Amino acid sequence: GAVVSQHPSRVICKSGTSVKIECRSLDFQATTMFWYRQFPKQSLMLMATSNEGSKATYEQGVEKDKFLINHASLTLSTLTVTSAHPEDSSFYICSALATGSDNQPQHFGDGTRLSIL
Amino acid sequence: DAKTTQPTSMDCAEGRAANLPCNHSTISGNEYVYWYRQIHSQGPQYIIHGLKNNETNEMASLIITEDRKSSTLILPHATLRDTAVYYCIAPSRTNQGGKLIFGQGTELSVKP
């Protein structure tokens, strides 16, 4: 149980395009999902907390207009990297927290490797 | 979040127990300790978590000291597939819904 699916697993696109990444909880409902970014040889960095039915909460230094988050259902959150540039190339990872799961662990997707040419 | 301190790297022989320490001396009484690992180019995988008592599951055991200032993750019979970065995290109960702040973790290398 507790499977989180992330799609696509890899995307390569030209500079200036927008890229949408999906994060789905397959066998549980997730009121809260989280988006992380990881650069090579570095640890995961939390970008934002996504709450179903409300606006996302962004960490300091993360541009909300650059990284659009939508969490329209209890099983799906999307991250759109708008007007992507080479410096946005990174490994993007989502996690989901089951609704009503006090102290239960988050479960992570397998990540999306984004390469901007 | 309570600050956690882990060794940067460790080696372990295949088939032997891997003992990964974590110091969390500022942990509050109601903060759990979570362990995750990340195998190269994959998302983090949940391993185990605990509050006060020692815990065991099919993946590992978690030993928490009585004063809760440190813990040890034990992989009883390490295999090559256990080579990964292991993260010890103690999120604050009041930090806006349980977000996890990852440190640098311990890079465990299991060698034949």
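Since this is a predicted model, take the numbers as computed values, not measurements. Chain A is the first sequence line, chain B the second, and so forth, proteins listed ahead of strands; every chain is numbered from 1.
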Positions in residues 53-72 of chain B that reach chain A, provided some heavy atom is under 4.5 Å away = none
Determine the minimum heavy-atom distance between A/P105 and B/Y36, stating which atoms define it.
-> CB-OH, 3.6 Å
Verify whether the ring centers belonging to A/F108 and A/F34 lie closer than 6.0 Å.
->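 So the answer is no for these two rings.
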Let me know if B/E107 has heavy atoms under 4.5 Å from chain A in its side chain, its backbone, both or neither.
->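 Contact with chain A is absent: no heavy atom of B/E107 under 4.5 Å.
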Could you grab the distance from atom OG of A/S115 to atom CZ of A/R10, nearest 0.5 Å is fine?
-> 4.5 Å
How many angstroms lie between CH2 in A/W35 and OG in A/S77, if you round to the nearest 0.5 Å?
-> 5.5 Å
Can a donor-acceptor pair be found between the side chains of B/H24 and B/T4 at a distance below 3.5 Å?
->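 No donor-acceptor contact under 3.5 Å links the two side chains.
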When you measure from the side chain of B/Y46 to the backbone N and O of A/Q104, does any donor-acceptor pair fall under 3.5 Å?
-> no
Using residues 12-20 of chain B as the side-chain source, report each donor-acceptor pair under 3.5 Å to any protein atom, sequence neighbours left out, with the distance given to one decimal.
none

Using the ring of each side chain (for Trp, its six-membered ring), is B/F102 parallel, tilted or perpendicular to B/Y87, with breaks at 30° and 60°?
->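 Aromatic pair B/F102/B/Y87 classed perpendicular.
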Chain B contacts: which residues in residues 36-48 of chain A have a non-hydrogen atom closer than 4.5 Å to it?
->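 Result: A/Y36, A/Q38, A/S43, A/L44, A/L46.
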Tell me, which pairs form a salt bridge (Lys or Arg N to Asp or Glu O under 4.0 Å) where one or both residues lie in residues 104-117 of chain A, sequence neighbours left out?
-> none
Taking it one step at a time, do A/T80 and A/V19 satisfy side-chain contact (heavy atoms from CB on, under 4.5 Å)?
-> CA-CA 5 Å; A/T80 301; A/V19 179; over 6 Å; no
